[in-house]
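Inspection log for the structure reproduced underneath, given as structure tokens.
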Amino acid sequence: MAARQLVISVLGPFELSVDDRPLPMSGKRLRALLTSLALSAQRVVPIMTLTELVWDEQPPIRPRASLQSLVNRLRACIDSTVIRTEPHGYLLDVDPLSVDAVRFQSLVMEAKTAGRSLERPMLDEALALWRGEPLVDTGSLRLRNEAGPGLAEKYLAAFERRVDLDLEEGNYATIVADLQDMIARFPHREPLWVRLITALDLTGRPAEALKAYDYVRGRLADELGCDPSGELQSVYRRILQAERVRQYAPELLRNSQPNGDRIR
């Protein structure tokens, strides 16, 4: 009998489908166990690691027996053949790419060496896997705290790379709106502000770009007690200087002409 096809999604609310059919999983420890195994699909996860991830700061009195009982419950829910018992732990025997977090990271890595014609569509595919905060309801606070920030950082880096490609190619149509949406979620992420201010300037809105800089500078000072990064300050100075040149260039040009040839 062929193994059942599992698709596990943790880049947002937890979702599980088996043979293309959604399978609810209400038990938080079952979700924590499956997620812990899924993020390491095709690799053995030690018993102690699983116990710490599933029970957080309240481990059971008999960890090995309690974990074995939970594994048996999970096998009954999905497929007894996909969770293998190994000498020192357990292994989820599914295609790693059926786990959205694994697929996301694989696409981002491949995009780096795929060439310009393929890089952007691969980044689009990777970013489309995200539906919200990663590992938000997997039932394991420890897993969320340990793995979540790394996934979020890779997500932001992939988004910023896609913006850079659009800026380089002059595809400005949705850049500003997309950046504003992302900044609403990550207001202290300075590389996002660098790109927003740059995009505003490139789309002929330098006054808005300077206003955005003033806003983020005030917010960083008030909320984090720090100044903008060197990169952010450099972008601001470049736009400010260009604006001054545009503002004073006509007057300087008039003054540089002989009286009889002054521009009227």
Side-chain angles (χ1 to χ4, degrees), residues 5-18 22-60 63 66-67 70-71 73-75 77-79 82-83 89-111 123-162 181-189 191-192:
Q5 179 64 42
L6 273 66
V7 176
I8 302 155
S9 303
V10 296
L11 299 179
F14 178 90
E15 292 181 357
L16 167 66
S17 69
V18 180
L23 180 64
M25 185 167 289
S26 57
K28 73 172 188 176
R29 284 181 180 151
L30 287 175
R31 294 198 305 274
L33 175 59
L34 180 56
T35 302
S36 300
L37 292 168
L39 292 177
S40 299
Q42 292 294 342
R43 291 182 284 134
V44 176
V45 184
I47 290 173
M48 183 59 68
T49 299
L50 286 172
T51 302
E52 292 173 349
L53 293 174
V54 170
W55 278 274
D56 286 323
E57 302 299 325
Q58 298 178 323
S66 296
L67 182 60
L70 193 64
V71 167
R73 287 174 55 197
L74 183 58
R75 282 171 170 156
C77 288
I78 51 176
D79 183 345
V82 300
I83 302 178
Y90 294 93
L91 178 149
L92 186 66
D93 191 9
V94 300
D95 180 358
L97 297 183
S98 67
V99 183
D100 63 351
V102 178
R103 181 167 180 75
F104 164 76
Q105 294 177 88
S106 176
L107 284 166
V108 170
M109 287 295 295
E110 291 177 17
L123 290 174
D124 284 339
E125 183 180 352
L127 293 169
L129 293 171
W130 283 70
R131 298 167 294 110
E133 183 180 348
L135 308 170
V136 64
D137 63 348
T138 55
S140 171
L141 181 61
R142 181 164 184 167
L143 187 63
R144 180 178 176 183
N145 290 341
E146 290 184 358
L151 286 169
E153 177 60 34
K154 291 177 181 178
Y155 170 67
L156 287 164
F159 175 83
E160 289 160 3
R161 176 55 183 163
R162 187 179 69 177
D181 289 343
M182 192 66 76
I183 283 173
R185 295 166 55 193
F186 302 94
H188 298 139
R189 176 84 175 184
L192 292 175

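For this chain, numbers begin at 1 and follow the sequence in order. The figures that follow rest on heavy atoms only: side chains count, while hydrogens, waters and symmetry mates do not.
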Atom CG in L16, atom CZ in R31: separation rounded to 0.5 Å?
11.0 Å

Okay, side chain of E15, backbone of V10: is any donor-acceptor separation there less than 3.5 Å?
no

Closest contact, heavy atoms only, V102 versus L39
CG2-O, 4.1 Å

Minimum heavy-atom separation for V45 to S36, with atom names?
CG2-O, 4.1 Å

Would you say the side chain of T51 lies within less than 4.5 Å of the side chain of P60, judging by non-hydrogen atoms?
yes

Sorted by chain and number, sequence neighbours left out, side chain to side chain donor-acceptor pair (under 3.5 Å) with E52 holds for none

For R189, check salt bridge (Lys or Arg N to Asp or Glu O under 4.0 Å) against everything at least two apart and list the hits.
E153, E160

Could you tell me whether the side chain of V108 reaches within less than 4.5 Å of the side chain of K154, counting heavy atoms only?
no

Nearest 0.5 Å please: distance from the CG atom of L37 over to the CG atom of L91.
8.0 Å

Mind checking what makes side chain to side chain donor-acceptor pair (under 3.5 Å) contact with Y155, not counting sequence neighbours?
R185

Taking all non-hydrogen atoms of both residues into account, name the closest pair between S98 and Q5 and its distance.
CB-NE2, 4.1 Å

Once rounded to the nearest 0.5 Å, what's the spacing between atom CE of M25 and atom CG of L74?
5.0 Å

With rounding to the nearest 0.5 Å, note down the distance linking CG in L70 to CG in L33.
5.0 Å

Looking only at atom types and distance, does a side-chain atom of S140 sit under 3.5 Å from a main-chain N or O of L53, one as donor and one as acceptor?
yes

Does the side chain of I78 reach to within under 4.5 Å of the side chain of L23, using non-hydrogen atoms?
yes

Checking the side chain of R131 only, and the main-chain atoms of P13 only, is there a donor and an acceptor separated by less than 3.5 Å?
yes

Of all heavy-atom pairs between L192 and M182, which one has the smallest distance, and what is that distance?
CD1-CG, 3.6 Å

Can you name the side chain to side chain donor-acceptor pair (under 3.5 Å) partners of S106, sequence neighbours left out?
E110

Straight-line distance of F159 CZ to L127 CG, nearest 0.5 Å:
8.0 Å

Can you name the salt bridge (Lys or Arg N to Asp or Glu O under 4.0 Å) partners of D124, sequence neighbours left out?
R120, R162

For D95, which residues count as a side chain to side chain donor-acceptor pair (under 3.5 Å) partner, sequence neighbours excluded?
none

Indicate yes or no: at least one non-hydrogen side-chain atom of L141 is less than 4.5 angstrom from one of E57.
no

Got a second to check how far L107's CG is from D100's CG, nearest 0.5 Å?
11.0 Å

Counting C-beta onward and ignoring hydrogens, is there a side-chain heavy-atom pair between I83 and L34 closer than 4.5 Å?
no

Tightest non-hydrogen contact, residues P134 and L151, listed as CB-CD1, 4.2 Å

Looking only at heavy atoms, the pair that brings V99 and A38 closest together is CG2-O, 3.5 Å

Could you tell me if the side chain of Q42 sits less than 4.5 Å from the side chain of D93, heavy atoms only?
yes

